[in-house]
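To keep things clear, I will list the structure first and then write my remarks on it.
Just so you know, ligand 1 is whichever comes first in the structure, and atom 1 is the first atom listed for that ligand.
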Amino acid sequence: KETQAEQKLSNVVILATGGTIAGAGASSANSATYQAAKVGIEQLIAGVPELSRLANVRGEQVMQIASESITNDNLLQLGRRVAELADSKDVDGIVITHGTDTLEETAYFLNLVEKTEKPIIVVGSMRPGTAMSADGMLNLYNAVAVASSQEARGKGVLVTMNDEIQSGRDVSKMINIKTEAFKSPWGPLGMVVEGKSYWFRLPAKRHTMDSEFDIKTIKSLPDVEIAYSYGNVGDTAYKALAQSGAKAIIHAGTGNGSVSSRVVPSLQALRKEGVQIIRSSHANVGGFVLRNAEQPDDKYDWVVAHDLNPQKARILAMVALTKTQDSKQLQRIFWEY
Ligand SMILES: NC(=O)CC[C@H](N)C(=O)O
C-alpha cells in the first residue's frame, strides 16, 4: 500500500543555492544578524519531514552563496541544470531555494529562458532557520506543494513567500525586515494554504513555453549595467559604465524614468556610439515608464522598460541582447515580456 501511495506522489527536485533559508544565527533572537548560506540541502529537507507527504523530494546543492553575490555565470549554471531536470521524465517539478536579495532576478531570468510547462518555484526566507518564528520551513513546504501540483503547470516561474503565489516576473523584494517582503504591483496569482493552492489570476506576459528565448542556446550573457538617478545626478556613472564595456545601460530613473537635463546629452552620445539606453523607474512600489512621455524616445532611439524595475530590466536586456541588437526589437521585447 505504501508503495502505491509513493507512486502517486510527484517527483520534486530541490536545487539549493544558499541565502537566508540556509542561514544560521548565534541565537534564536537573531532574526536579522546571522550568516546566510550555511545549511546544506539535506539538512533543510530533513528539517521539514512533512515534505515527504507532498512529494518524493530529493535535493541538489547547486551552490552555497548569499544571493547578492550571484554572477551571470551562476545564473547560466542554474538555468542549465533546471533545463536538464525539466527534460527528465522522472521530474515533475523543480524548487529552487535562494537568497531573497536577488531572488526576483533569478526568478525572472528562469521565467524567460526555461522551455517547460513543469512548475518551477523559487523560494527563500526572511529569517534564518535558527530564529524564532522562522519562515523558511513553511515557505519551503508551500514551494514543494505548488511544485507538485498540476495547477501550477504552464504558469511560468513562481515564487512562494508568506503564503502567497507570485509570478516570478512581477514579484519584487519590497522590504528587508518583514516576512511580508515580496510583493507585486499587480498582486499575487494565488495563495497556498495547508499545502493546497488557490488560484485567482494568470500571468499575461510571455514566459517559458511561449518565450522566444531558450537557455540551451544562450552561451553567455552580455554586460548590462544600471545607473541610479536622483537630484543633482551627473553623467559620471553612465560614462564609466559605457567605458567599461556595457552593451546596454539601464537608467534607473526617477518617476516616469525621467532623465536629468545634465545627463540627457551624454545618453544621446552613448546611444550614437552603439550603447542601448533603457529607461526604467526606481519608484518604490513599481514604476510605469511610458514611451515618449518624459523623453522623446523615438527621436533619441532609446527603449523604455515599462513596469520592469531596473534589476529586472537588466535581466530582460541581457537575454534579449543574445538575440538582437536592434532597438525596435528590444522595445517589442520589453512590451511583450
Ligand atoms: N533574506 C535573505 O535571503 C537575505 C540574505 C542574503 N543577503 C541573500 O540574499 O542571500
(request) Pick whichever of D101, I65, T97 has a heavy atom sitting closest to atom 7 (N) of ligand 1. (result) D101
(request) Check whether any heavy atom of S125 sits under 4.0 Å from an atom of ligand 1. (result) yes
(request) For atom 6 (C) of ligand 1, find the nearest protein heavy atom and state the residue, atom name and distance (0.1 Å precision). (result) E68 OE1, 3.3 Å
(request) Looking only at distances, please establish whether an N/O atom of ligand 1 is found under 3.5 Å from an N/O atom of T102. (result) no
(request) Determine whether the side chains of H282 and Y230 contain a donor N or O and an acceptor N or O closer than 3.5 Å. (result) no
(request) Using distance alone, with no hydrogens and no angle criterion, decide if D297 and Q331 have a side-chain donor and acceptor under 3.5 Å apart. (result) no
(request) Give a yes or no on whether a salt bridge exists between D87 and K216, defined as a side-chain N under 4.0 angstrom from a carboxylate O. (result) yes
(message) Looking at D301 and K272, is there a salt bridge between them, counting it only when a charged N and a carboxylate O are closer than 4.0 Å?
(response) no
(message) We want to know whether D235 and S266 form a side-chain donor-acceptor pair, criterion being a heavy-atom distance below 3.5 angstrom.
(response) yes
(message) Does any N or O of ligand 1 fall below 3.5 Å from an N or O anywhere on H98, backbone included?
(response) no
(message) With a 4.0 Å cut-off on N to O distance, would you call D307 and R169 a salt bridge?
(response) yes
(message) Quick test of your reading of the model: are R81 and E60 salt-bridged, counting only N-O distances below 4.0 Å?
(response) yes
(request) Heavy-atom contacts with A66 under 4.0 Å: which atoms of ligand 1 show up? List them by number with element. (result) 10 (O)
(request) Kindly identify the option in G124, A32, A36, S67 whose heavy atom sits closest to atom 8 (C) of ligand 1. (result) S67
(request) Can you sort out which atoms of ligand 1 are near G19, meaning under 4.0 Å from one of its heavy atoms? (result) 10 (O)
(message) I need the nearest protein heavy-atom contact for atom 4 (C) of ligand 1: residue, atom name and distance, please.
(response) T20 OG1, 3.1 Å
(request) Starting from atom 1 (N) of ligand 1, find the nearest protein heavy-atom neighbour and note its residue, name and distance. (result) T100 OG1, 2.7 Å
